[in-house]
Amino acid sequence: MVSRRVLALGVAASVLFGGTFVAAKAGLDHFPPLLFVALRFDVAAVALLGYVALTRSRSDLLPQSRGDALGILSTGLLALGLTNALLFVGQQDATSAVGAIVFSLNPILTPVFAALLLADERLSKRGAVGLLVGLLGVALVVNPDPEMLFSGGGGKLLLFGGAVSGALGSVLVRWSDSDLSSTVRTAWALPVAAALCHGLSWQAGESVAAVSWVPAAFVALLYVGVFAGAVAYVAYFGLLDRSGATHANLVFYVVPVVSTLGGWALLGESISELAVVGFLTIFVGFAVLGSESIAIPSIGSRLPTDAVVSTDALDVGEDATGFESD
């Protein structure tokens with residue numbers, strides 16, 4: 001059983017991240033890729049830092065420990081900065097379908113790092129089956145041409161590197177055991193991610209002069225910076241703190257579903273019967289994973305030792321991962 005708060009965070013992250021593809025494709029027509037990512041983080045940082053400055057006390061805003069610093073760096077350098085830099089650059093040499101299938105390896109890679117670093121996230125055989133079924137569903141939804149999977153290797157290697165960086169970053173965020181709220185931690189991490197991507201953009205020889213400042217560029221930057229940036233990251237990292245890295249990264253299985261449905265609803269794109277089968281397959285994979293979560297708050301129930309950490313929130317106001325709600 002999944003708490004309503006966890007479900008809401010997962011839906012928000014999936015929907016907002018799902019719209020990133022259309023905005024990113026539109027934006028890449030007007031921005032160099034690394035500069036686009038850097039400007040995305042600039043916008044997101046201004047929005048989120050302004051929000052936390054108005055809604056948090058000074059004591060809640062300032063990092064206090066080495067764990068806080070490690071959580072910020074893991075979020076900014078790996079989970080956000082390097083992951084998005086590799087994703088945007090790699091997407092130039094790969095189709096969206098191939099990009100979706102390669103980047104959807106993130107939930108598969110996460111349990112590997114979690115098993116090494118997190119004592120409370122051990123994936124059972126049932127959980128592994130659920131993850132693999134979900135990945136199969138993604139493949140059915142995007143239905144990539146087999147020839148596409150074996151051409152343009154450079155782009156796919158970068159996308160795979162982004163999946164690795166995202167998985168490792170999310171696990172290190174949990175491992176850091178930061179006392180900062182997920183929102184404050186993300187607010188501090190966004191300038192770190194922006195600085196990294198501006199540095200990579202400068203090293204790649206990109207220039208602001210190459211940007212075409214047309215209305216479509218502003219709209220794309222606003223969406224990826226505010227909605228798929230600040231808002232989506234608050235939802236995603238809040239989910240990460242509550243449900244664990246393995247469960248939180250399942251949103252990347254839902255993103256292709258949201259993108260496909262969005263294209264059908266907004267752009268008149270068709271949905272194949274195979275895609276519908278893929279939707280159902282992803283649901284089955286989630287059901288297999290979810291069947292491991294058992295919550296009996298009245299007696300303080302704990303998960304079996306071979307299961308992934310539960311996503312249920314306890315009645316006393318602390319979620320099942322041991323983190324207090326924001």
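In the hydrophobic clustering of this structure, Leu116 groups with Val164; members are Ile, Leu, Val, Met, Phe, Trp, Tyr whose side-chain heavy atoms approach within less than 4.5 Å, directly or through other members. Residues Val226 and Val46 are members of separate hydrophobic clusters, defined by side-chain heavy-atom contacts under 4.5 angstrom among Ile, Leu, Val, Met, Phe, Trp and Tyr. Hydrophobic clustering, with ILVMFWY side chains joined whenever heavy atoms are under 4.5 angstrom apart, groups Leu200 together with Val208. Under a hydrophobic-cluster definition in which Ile, Leu, Val, Met, Phe, Trp and Tyr are linked whenever side-chain heavy atoms come within less than 4.5 Å, directly or via other members, Leu28 and Phe218 are assigned to the same cluster.
Panel note: side chain Trp202, backbone Cys197; no donor-acceptor pair is recorded below 3.5 Å. Formation of a donor-acceptor pair under 3.5 Å by the Asp179 side chain with backbone atoms of Ser65 is not found in this model. Between the side chain of Ser74 and the main chain of Gly71, no donor-acceptor pair closer than 3.5 Å is present. Ser14 places no side-chain N or O within 3.5 Å of a backbone atom of Val11 that could act as its donor or acceptor partner.
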In sequence, state the C-alpha distance, the side-chain angles, and the governing distance for Val173 and Leu70, and then conclude on side-chain contact (heavy atoms from CB on, under 4.5 Å).
-> CA-CA 8 Å; Val173 170; Leu70 179 58; over 6 Å; no

Start with the C-alpha gap between Leu82 and Leu77, add the side-chain angles, then the distance that decides, and say whether side-chain contact (heavy atoms from CB on, under 4.5 Å) holds.
-> CA-CA 6 Å; Leu82 186 59; Leu77 295 178; over 6 Å; no

Could you check Phe17 against Tyr233 for ring-ring contact (aromatic ring centres under 6.0 Å, His included), going step by step and ending with a plain yes or no?
-> CA-CA 9 Å; Phe17 283 149; Tyr233 290 140; 5.8 Å; yes

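For residues 43-85, no residue pair satisfies the ring pair (Phe, Tyr, Trp, His ring centres under 6.0 Å) rule, not counting sequence neighbours. Annotation: side chain to side chain donor-acceptor pair (under 3.5 Å) contacts involving residues 203-219, sequence neighbours excluded, comprise Ser201-Glu206.
At a threshold of 4.5 Å between non-hydrogen side-chain atoms, the residues Tyr236 and Val251 count as touching. By the 4.5 Å heavy-atom criterion applied to side chains, Leu35 and His198 are counted as neighbours. Side-chain atoms of Arg56 and Thr183, non-hydrogen and from C-beta on, do get closer than 4.5 Å to each other. The shortest distance between side-chain heavy atoms of Val224 and Phe36 falls below 4.5 Å.
Taking each heavy atom of Leu80 and Ala189 in turn, the nearest pair found is CD1-CB, 4.4 Å. Listed here is the closest heavy atom pair of Val15 and Tyr223: O-OH, 4.1 Å. Of all the heavy atoms in Ser178 and Gly67, the pair that sits closest is CB-O, 3.6 Å. Annotation for Val171 and Ala245: closest pair CG2-CB, 3.9 Å, computed over non-hydrogen atoms. Arg40 and Asn84 make their closest contact through NH1-OD1, 2.8 Å (heavy atoms, listed as atom of the first residue, atom of the second, distance). Across Ala13 and Ala232, no two heavy atoms sit closer than the pair CB-O, 4.4 Å.
Looking at residues two or more places apart in sequence or on another chain, you find no side chain to side chain donor-acceptor pair (under 3.5 Å) involving His30. Qualifying side chain to side chain donor-acceptor pair (under 3.5 Å) partners for Asp60, counting only residues two or more places apart in sequence or in other chains: Ser57. By the ring-ring contact (aromatic ring centres under 6.0 Å, His included) test, Phe237 pairs with no residue at all, sequence neighbours left out. Under the rule for a side chain to side chain donor-acceptor pair (under 3.5 Å), the partners of Ser165 that lie at least two apart in sequence or sit in another chain are Thr83.
Distance check: Asp177 CG to Leu118 CG gives 10.0 Å after rounding to the nearest 0.5 Å. Interatomic distance, Leu87 CG to Leu158 CG, rounded to the nearest 0.5 Å: 10.0 Å. The distance from the CG atom of Leu221 to the CG atom of Asp42 is 8.5 Å, given to the nearest 0.5 Å. Here the CG-OG distance, from Leu240 to Ser182, works out to 8.5 Å after rounding to the nearest 0.5 Å. To the nearest 0.5 Å, the span separating CZ on Arg185 from CG on Leu190 amounts to 11.5 Å. The CG atom of Leu159 lies 8.5 Å from the CG atom of Leu86; values are rounded to the nearest 0.5 Å.
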